[in-house]
2 protein chains.
Amino acid sequence: MTSARKELFPLVSADVALFSIENGRLVVLLVKRANPPQRGRWALPGDVLKPDRDGSLEDTARRILRDKTGLEVPYLAQVATYSGPDRDPRGWSVSLLFHALVPVDEVPAVAGSKTEAVAWADAAAPGAGLAFDHARHIAAALGKLREKVERHALPLHLLPAKFTLTQLQRTVEAILDRDLEKSAFRRRLKAERSLVEVPGEFERGVQRPAQLYRAADGFEFAV
Amino acid sequence: MTSARKELFPLVSADVALFSIENGRLVVLLVKRANPPQRGRWALPGDVLKPDRDGSLEDTARRILRDKTGLEVPYLAQVATYSGPDRDPRGWSVSLLFHALVPVDEVPAVAGSKTEAVAWADAAAPGAGLAFDHARHIAAALGKLREKVERHALPLHLLPAKFTLTQLQRTVEAILDRDLEKSAFRRRLKAERSLVEVPGEFERGVQRPAQLYRAADGFEFAV
DNA sequence: TCAATAGTGTCTCTTAGACAATATTGA
DNA sequence: TCAATATTGTCTAAGAGACACTATTGA
């Protein structure tokens, strides 16, 4: 039976690269696998499709994140699909990779509150020894994220509801791993409609207060 | 058994939007379905994954094109994955959509040589009444193609091995559905390394001969 | 010579990068 | 007043669009 299944029906699953910002660094969520195969190794959160519970593979991805982190993510999108007989020791498999963004102010909640072992890893260098082909998955998910941001999509889903332009710039810099020119960056933002000022609200510090902004109504993380 | 399969194992398949140029128009290949479901309706060429024969879903896509058209396409890439319980009457299904390009000089061979009913349709208006969600698939595949070309990827796989700059420009215009400025277009090409002159070879007509070019070694259809 | 298209030159406009100058707060 | 950023302005360079001009062939 197992053999028959192997021959005729591939294993279908979803994996999620959940990104956030921690201390100004772009990080990705890993979980320590509690079950075989690859038990004990770090991996992206993932699970097999449950046709009786999931209305789509995107639903599968959302279910995975709910189960592992308790979060409803504000942004989730397909990155790529991987398939073949050798990716998973259980047999012919298809897995759909998603990437998702979670606001920086929810990061502590994720890392702290779970019984399962979860950890944030540097997105650009998640470490060696990951399960399956997940090192490649992370690289692909990051590549897709960078591609969008390079094309001027604003990763507002990584920020709190209200944020300063400098915070946004630091976030974009963390994703692209390079410094941006302040005045050019701000000029670009003004030309768009993605942001709106929150009138009269400022972030205060030991310096001139910074205007707070929020995402415009109907904002989407896309070009 | 069928019911058990429905519950536990989704149907996994691949569909391919094969694009080419016909009389200066961007066209996409449709086949008339010979078997249920949706028998007799026009659809993208597609088939279910055969785990015993396919090394990946990309292999499935190549096999589909080989079977329906006899062609080995020079370019094939993932567009998106669609999934859910209601897309296909046979039950929970996952289908991976690819787009592919075939050179304009192979178009007559495709349309003519097959026993199955195949036809080229206008890619931007493939007509009503397509099977499944394939109208949406075509739109998505075309959107992905346009996105790449907008980002300055050159669709050389749609052209013969040797081509003129005007032929290339017409091809890009067919994809984007708008006219381009000749001098700006050529300036852009010169700045890249994607093309090389074929020394001493020209396309002749009733006008000044046009220099022939070919894709540079290692050319890839990407940004 | 002319029609037809290949190929080039030049102007302008927009946008991005570099960098400097000014603004406003808490300490 | 000063340190520390926020915010704005200005110069320059690169690239894109518009448009016109020159080049070369067959008929």
Side-chain angles (χ1 to χ4, degrees), chain A residues 21 23-24 104 146-154 156 159-160 162-214 223, chain B residues 21 23-24 104 146-154 156 159-160 162-214 223:
Chain A
I21 302 285
N23 301 324
V104 58
R146 282 188 174 150
E147 189 183 296
K148 291 180 188 184
V149 172
E150 285 284 8
R151 278 191 280 158
H152 293 183
L154 296 175
L156 305 188
L159 294 162
K162 297 175 187 174
F163 51 86
T164 69
L165 298 187
T166 299
Q167 286 165 8
L168 174 55
Q169 185 178 343
R170 295 287 170 263
T171 299
V172 171
E173 288 172 338
I175 293 170
L176 300 182
D177 195 27
R178 63 183 164 86
D179 289 348
L180 299 179
E181 226 295 311
K182 180 170 55 169
S183 97
F185 183 72
R186 286 164 180 246
R187 196 165 38 202
R188 219 182 74 196
L189 298 182
K190 274 208 179 130
E192 296 189 34
R193 313 280 164 76
S194 304
L195 302 185
V196 294
E197 271 188 23
V198 183
E201 295 203 40
F202 300 88
E203 180 87 354
R204 292 172 176 279
V206 73
Q207 77 289 4
R208 172 173 175 177
Q211 177 67 54
L212 285 170
Y213 291 79
R214 62 172 177 83
V223 187
Chain B
I21 301 286
N23 302 324
V104 58
R146 282 188 174 150
E147 189 184 295
K148 292 180 189 185
V149 172
E150 286 284 6
R151 279 190 280 157
H152 291 185
L154 296 175
L156 305 188
L159 293 162
K162 298 174 186 175
F163 51 86
T164 68
L165 298 188
T166 300
Q167 285 165 7
L168 174 54
Q169 184 178 341
R170 295 288 169 264
T171 299
V172 172
E173 288 172 337
I175 292 169
L176 300 182
D177 195 28
R178 63 184 164 85
D179 289 348
L180 299 179
E181 227 294 313
K182 180 171 56 167
S183 100
F185 182 72
R186 286 166 179 244
R187 196 165 40 202
R188 218 183 75 194
L189 297 182
K190 274 208 180 129
E192 297 188 35
R193 313 280 165 78
S194 303
L195 301 185
V196 294
E197 272 189 21
V198 183
E201 294 205 40
F202 299 88
E203 181 89 355
R204 293 173 175 281
V206 73
Q207 78 289 2
R208 173 173 174 176
Q211 177 67 54
L212 285 171
Y213 290 80
R214 63 173 176 82
V223 188

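Every chain is numbered from 1 and lettered A, B, ... according to where its sequence line falls, protein lines coming before strand lines. Below, each value reflects all heavy atoms present in this structure, side chains not excepted, and no hydrogens, waters or symmetry copies.
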Asks: Distance check needed: dA20(C) P versus Lys182(A) NZ, whole Å only.
Replies: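 My rounded result for the distance is 12 Å.
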Asks: Between Glu181(B) and Arg170(A), name the one whose nearest nucleotide on DNA chain D is closer to the 5' end.
Replies: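 Closer to the 5' end of DNA chain D: Arg170(A).
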Asks: Applying side-chain hydrogen bond (donor to acceptor under 3.5 Å, both in side chains), can you list everything that pairs with Glu203(B), at least two apart in sequence or on another chain?
Replies: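 Once residues adjacent in sequence are excluded, Glu203(B) has no partner under the side-chain hydrogen bond (donor to acceptor under 3.5 Å, both in side chains) criterion.
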Asks: Asp179(B) CG to dG17(D) P: how many Å, rounded?
Replies: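 After rounding, the gap between these two atoms is 12 Å.
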Asks: Without placing hydrogens or testing angles, list every side-chain donor-acceptor pair under 3.5 Å for residues 183-200 of chain A, not counting sequence neighbours.
Replies:
from: Arg186(A); atom 1: NH2; to: Thr166(A); atom 2: OG1; distance (Å): 3.4
from: Glu192(A); atom 1: OE1; to: Ser194(A); atom 2: OG; distance (Å): 3.0

Asks: Please write out the pairs of protein N or O atoms and N or O atoms of nucleotides 23-27 of chain C separated by less than 3.5 Å, giving the distance to one decimal.
Replies:
from: dA23(C); atom 1: O4'; to: Arg208(A); atom 2: NH1; distance (Å): 3.2
from: dA23(C); atom 1: N3; to: Arg208(A); atom 2: NH1; distance (Å): 3.3
from: dT24(C); atom 1: O2; to: Arg208(A); atom 2: N; distance (Å): 3.2

Asks: Grab the CG-P distance between Leu189(A) and dT15(C) for me, whole Å please.
Replies: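 Rounded to whole Å, this separation is 14 Å.
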Asks: Over all strands shown, is Thr166(B) touching base, sugar-phosphate only, or nothing at heavy-atom distances under 4.0 angstrom?
Replies: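 Contact class for Thr166(B): sugar-phosphate only.
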Asks: Rounded to the nearest 0.5 Å, how far does CG of Leu159(A) lie from CD1 of Ile21(A)?
Replies: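 With rounding to 0.5 Å, CD1 (Ile21(A)) is 7.5 Å from CG (Leu159(A)).
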Asks: After noting the C-alpha distance and the side-chain angles of Phe202(B) and Gln211(B), does the key distance pass the side-chain contact (heavy atoms from CB on, under 4.5 Å) rule?
Replies: CA-CA 5 Å; Phe202(B) 299 88; Gln211(B) 177 67 54; 3.3 Å; yes
Asks: In this structure, how many angstroms lie between the C1' atom of dT7(D) and the CD atom of Glu203(A), rounded?
Replies: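 Glu203(A) atom CD is separated from dT7(D) atom C1' by 16 Å.
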Asks: So for the helix from dT1(C)-dA27(D) to dA27(C)-dT1(D), with five pairs setting each end axis, what is the inter-axis angle to 10°?
Replies: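 Result, rounded to 10 degrees: 10°.
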Asks: Would you please name every residue forming a side-chain hydrogen bond (donor to acceptor under 3.5 Å, both in side chains) with Arg208(B), sequence neighbours left out?
Replies: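 Partners of Arg208(B) under the side-chain hydrogen bond (donor to acceptor under 3.5 Å, both in side chains) test: none.
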Asks: Report the C-alpha separation of Glu147(A) and Arg151(B) in whole Å, then their side-chain angles, then the decisive distance to 0.1 Å, and conclude whether the side-chain contact (heavy atoms from CB on, under 4.5 Å) test is met.
Replies: CA-CA 11 Å; Glu147(A) 189 183 296; Arg151(B) 279 190 280 157; 3.7 Å; yes
Asks: Find the distance Lys190(B):NZ to dA6(C):P and express it as a whole number of Å.
Replies: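 Whole-Å distance recorded here is 14 Å.
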Asks: Which whole-number value in Å describes the distance from Arg187(A) CZ to dT12(D) C1'?
Replies: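 Value for this atom pair: 11 Å.
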Asks: To the nearest angstrom, how far is Arg178(B) atom CZ from dA18(D) atom P?
Replies: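 My rounded result for the distance is 10 Å.
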Asks: Take atom CG of Leu212(A) and atom C1' of dT7(D), then tell me their distance rounded to the nearest Å.
Replies: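 That distance rounds to 15 Å.
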Asks: Calculate, to the nearest 0.5 Å, the distance between atoms CD and CG belonging to Glu173(B) and Leu168(B) respectively.
Replies: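 Here the rounded value is 9.5 Å.
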Asks: Distance criterion of 3.5 Å, no angle test: do you see the side chain of Ser183(A) paired donor-to-acceptor with the base of dG17(C)?
Replies: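 There is none.
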Asks: Taking only residues two or more places apart in sequence, or in another chain, which ones meet Arg178(B) in a side-chain hydrogen bond (donor to acceptor under 3.5 Å, both in side chains)?
Replies: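 Arg178(B) satisfies side-chain hydrogen bond (donor to acceptor under 3.5 Å, both in side chains) with Glu150(B) once adjacent residues are dropped.
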Asks: Side chain to side chain contact (heavy atoms under 4.5 Å, CB included) with Ile175(B): which of Arg146(B), Lys148(B), Arg170(B)?
Replies: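 For Ile175(B), the side chain to side chain contact (heavy atoms under 4.5 Å, CB included) check succeeds only for Arg146(B).
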Asks: Taking for each residue the nucleotide of DNA chain C bearing the nearest heavy atom, is the 5' side occupied by His152(A) or by Ala210(B)?
Replies: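 The residue mapped nearer the 5' terminus is Ala210(B).
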